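For the single chain, residues carry numbers from 1 onward in sequence order. Here the structure is a predicted model, which means the values were calculated and not measured.
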Amino acid sequence: MIDLETRAAPPRAGALRRAAPALAGYAAVRALGLVTLAVWSAARDKSAYTLLTARWDALWYTRVAELGYGYEVRLPDGDVHSNLAFFPLLPWLERLVAAVSPLSYADGGFVVSLCASVAAAWGIFAVADHVYGRRAGVCAVLLWAVLPVGIVQSMAYSESLFTALAAWALYAVLTGRWVSAGTLALLAGLTRPVGLAVVAAVWAAGMATFVRDRRAAGPDGARDALRAPAPAGADVARRVLGMLLAPLGAAGYVLWVGHRTGKGPLGYLDVQAGWRNGFDGGYAFARFVGEKFASFPSALAGMGLILGVASVVWLYVAGVRGRQPLPLLVYTGVVVALALCASSYFGSKPRLLLPAFPLLLPLALALARLRPRRSALVLGAVAIASAVYGAFWLNGSGPP
């Protein structure tokens, strides 16, 4: 579980060829979801493209790209919704796309999301392939694609962009590319608050390698010839540099918000409080679930929520028992904790768990052990159900 001995990554020319089946399957699943959404929306006289690019959080990202920071909405109950709550990397990319093409900011968000979702799928494959082999990698990508909230991967939201950066950062850690890992963690920290999970993974892996190096040395500091060789000075420097780079994105934005609001380092927490977001250890979520049992119909939803949380915990425990590498366990643990223990909009909990792709690795291993035809049937059936659910969900009244 804490063994961070790295293997060489495949050559770049062969990496894409190796990932091609996973990427082709991912594209097919996402195409099915988009076609289903288009048909469903047309039947309800709605625009599928508007649902993907110009509602809920997508509008806030577009406003940041167009107007910059400082826009806010004051609600009758006194809450203040400020666009400072939204991290800047996605709006920056939207602005870049609009600057170099005739596309609008909303179009740019859609293009970034589509490209980032493919990059995320490739990153997930790279991680799973590196740890468990090619078949498990393909299954992991397809499982991520067929999640019930998979349609979010095609929305002008930041989940796909964040997952791509996180997956490749974790892959860089697993293959010993510390500067790349730190740079990607920095960018992930500019994308979403949960970028802290990537930072934690880089730091945990870095500290574990330092501990391993010390244990490999003899009592008097001499290196045991039968153990790992002493790392070169350049390797240690790259590791330290990667660890120093990792937190700069998240810390930089949070400190900038604190300076802009005049409320110091905790100013970002005040911005989130205006959206009624915060970290309460899961109290608000537990209370929300408990209230579902006040009547019989809603009690079924309450049971579903409990089963969903239990499934997440079970998958994480399965990852621990399966000896997933330490960076994956740390990353997943922080993502899950932030998603389930935050007092945010409860309908968004499944979406907030979308970047926690290592949870899918135990299921991917199980699928990889099945005969190809049987696993294809399972994934095909789930893909159809996911496409229908995504279309129904996005045509609803509340944000995902």
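- Hydrophobic cluster of Leu67: no remaining members, since no ILVMFWY side chain lies below 4.5 Å from it.
- When the side chains of ILVMFWY residues are joined at heavy-atom separations under 4.5 Å, either directly or via intervening members, Val179 and Leu187 end up in a single hydrophobic cluster.
- For the pair Asp213 (side chain) and Phe210 (backbone), a donor-acceptor distance under 3.5 Å is absent.
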Derivation of the side chain to side chain contact (heavy atoms under 4.5 Å, CB included) call for Ile151 and Leu34: CA-CA 8 Å; Ile151 191 64; Leu34 292 174; 4.2 Å; yes
Evaluate ring pair (Phe, Tyr, Trp, His ring centres under 6.0 Å) for Phe125 paired with Trp122, printing each intermediate quantity in order. CA-CA 5 Å; Phe125 171 81; Trp122 192 356; 8.7 Å; no
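- Between Glu66 and Arg95 there is no salt bridge, since no side-chain N of the basic residue sits under 4.0 Å from a carboxylate O of the acidic one.
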Run the side chain to side chain contact (heavy atoms under 4.5 Å, CB included) check on Trp393 and Val152 step by step: do they pass? CA-CA 10 Å; Trp393 189 41; Val152 174; 3.6 Å; yes
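- If you chain together hydrophobic residues whose side chains sit under 4.5 Å apart, Tyr49 and Val35 never meet in one group.
- Scanning for salt bridge (charged side-chain N to carboxylate O under 4.0 Å, His left out) contacts around Asp79 gives Arg276, with sequence neighbours left out.
- Note: the hydrophobic cluster containing Trp56 also contains Val73 (ILVMFWY, side chain heavy atoms under 4.5 Å, direct or indirect links).
- Within the 4.5 Å cutoff, side-chain heavy atoms of Pro247 are placed close to those of Trp203.
- Looking at residues two or more places apart in sequence or on another chain, you find a side chain to side chain contact (heavy atoms under 4.5 Å, CB included) between Val335 and Val194, Ala197, Tyr331, Ala356.
- Side-chain contact between Thr332 and Tyr316 is present, with heavy atoms from C-beta onward closer than 4.5 Å.
- Residues Asp57 and Tyr157 come closest through the heavy atom pair N-OH, 3.4 Å.
- The minimum heavy-atom distance linking Ser113 with Ser160 is given by the pair O-CB, 3.9 Å.
- Taking the side chain to side chain contact (heavy atoms under 4.5 Å, CB included) definition, one finds that Leu59 meets it with Ala54, Arg63, sequence neighbours left out.
- One hydrophobic cluster, built from ILVMFWY side chains closer than 4.5 Å, cannot hold both Leu255 and Trp92; they sit in different ones.
- Here the side chains of Leu23 and Val141 are not in contact, with every heavy-atom distance at 4.5 Å or above.
- By the 4.5 Å side-chain criterion applied to Ile, Leu, Val, Met, Phe, Trp and Tyr, Ile384 is assigned to a cluster that also includes Leu32.
- For the ring-ring contact (aromatic ring centres under 6.0 Å, His included) test, residues two or more places apart in sequence or in another chain that qualify with Trp275 are Trp60, His81, Phe86.
- Ring centers of Tyr268 and Phe87: under 6.0 Å apart, within the cut-off.
- Judged by distance alone, the side chain of Ser158 and the main-chain N or O of Leu90 form no donor-acceptor pair under 3.5 Å.
- Leu174 is listed as a side-chain neighbour of Pro325, based on a closest heavy-atom distance under 4.5 Å.
- Tyr26 and Ala145 make their closest contact through CD1-CB, 3.4 Å (heavy atoms, listed as atom of the first residue, atom of the second, distance).
- Within the 4.5 Å cutoff, no side-chain heavy atoms of Glu291 are placed close to those of Ser298.
- Shown here is Arg287, whose CZ atom has no more than 12 heavy atoms of other residues, nucleotides or ligands within 6.0 Å.
- Looking only at side-chain heavy atoms (C-beta outward), Val309 and Phe285 come within less than 4.5 Å of each other.
- A search for ring-ring contact (aromatic ring centres under 6.0 Å, His included) contacts involving Trp256 returns Tyr69, Tyr253, not counting sequence neighbours.
- For Phe392, there are no ring-ring contact (aromatic ring centres under 6.0 Å, His included) partners at least two apart in sequence or on another chain.
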Give the intermediate values and the outcome of side chain to side chain contact (heavy atoms under 4.5 Å, CB included) for residues Val80 and Leu75. CA-CA 6 Å; Val80 178; Leu75 304 182; over 6 Å; no
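- Between Asp129 and Arg18, the shortest heavy-atom distance links the atoms OD2-NE, 2.6 Å.
- Across all non-hydrogen atoms, the minimal contact from Tyr61 to Ala156 is CD1-O, 4.0 Å.
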Verdict with reasoning, Ser41 to Asn395, per side chain to side chain donor-acceptor pair (under 3.5 Å): CA-CA 7 Å; Ser41 302; Asn395 276 274; 3.3 Å; yes
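- Between the side chains of Thr209 and Arg239, at least one donor N or O lies within less than 3.5 Å of an accepting N or O.
- Closest of all the heavy-atom pairs between Ala164 and Ala116 is CB-O, 3.5 Å.
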Identify all side-chain donor-acceptor contacts of residues 359-378 below 3.5 Å with residues at least two apart in sequence or on another chain.
unit_1 : atom_1 : unit_2 : atom_2 : d
Ser375 : OG     : Arg371 : O      : 3.4
Ser375 : OG     : Pro372 : O      : 3.0

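- Summarising the hydrophobic clusters (Ile, Leu, Val, Met, Phe, Trp, Tyr; side-chain heavy atoms under 4.5 Å, direct or chained), the residues clustered with Leu266 are Leu269.
- A 4.5 Å side-chain heavy-atom check between Thr261 and Asp270 finds every atom pair outside the cut-off.
- Trp144 and Val131 end up in the same hydrophobic cluster when Ile, Leu, Val, Met, Phe, Trp and Tyr side chains are linked at under 4.5 Å.
- The backbone N or O of Ala119 lies less than 3.5 Å from a partner atom in the side chain of Trp168, making a donor-acceptor pair.
- Looking only at side-chain heavy atoms (C-beta outward), Leu51 and Met155 stay at 4.5 Å or farther from each other.
- Residues passing the side chain to side chain contact (heavy atoms under 4.5 Å, CB included) test with Thr62, sequence neighbours excluded: Glu94, Tyr105, Ala106.
- Every residue two or more places apart in sequence or in another chain that forms a side chain to side chain contact (heavy atoms under 4.5 Å, CB included) with Ser82 is listed here: Glu72, Leu84, Val271.
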In sequence, state the C-alpha distance, the side-chain angles, and the governing distance for Leu184 and Arg177, and then conclude on side chain to side chain contact (heavy atoms under 4.5 Å, CB included). CA-CA 11 Å; Leu184 290 165; Arg177 300 172 178 179; over 6 Å; no
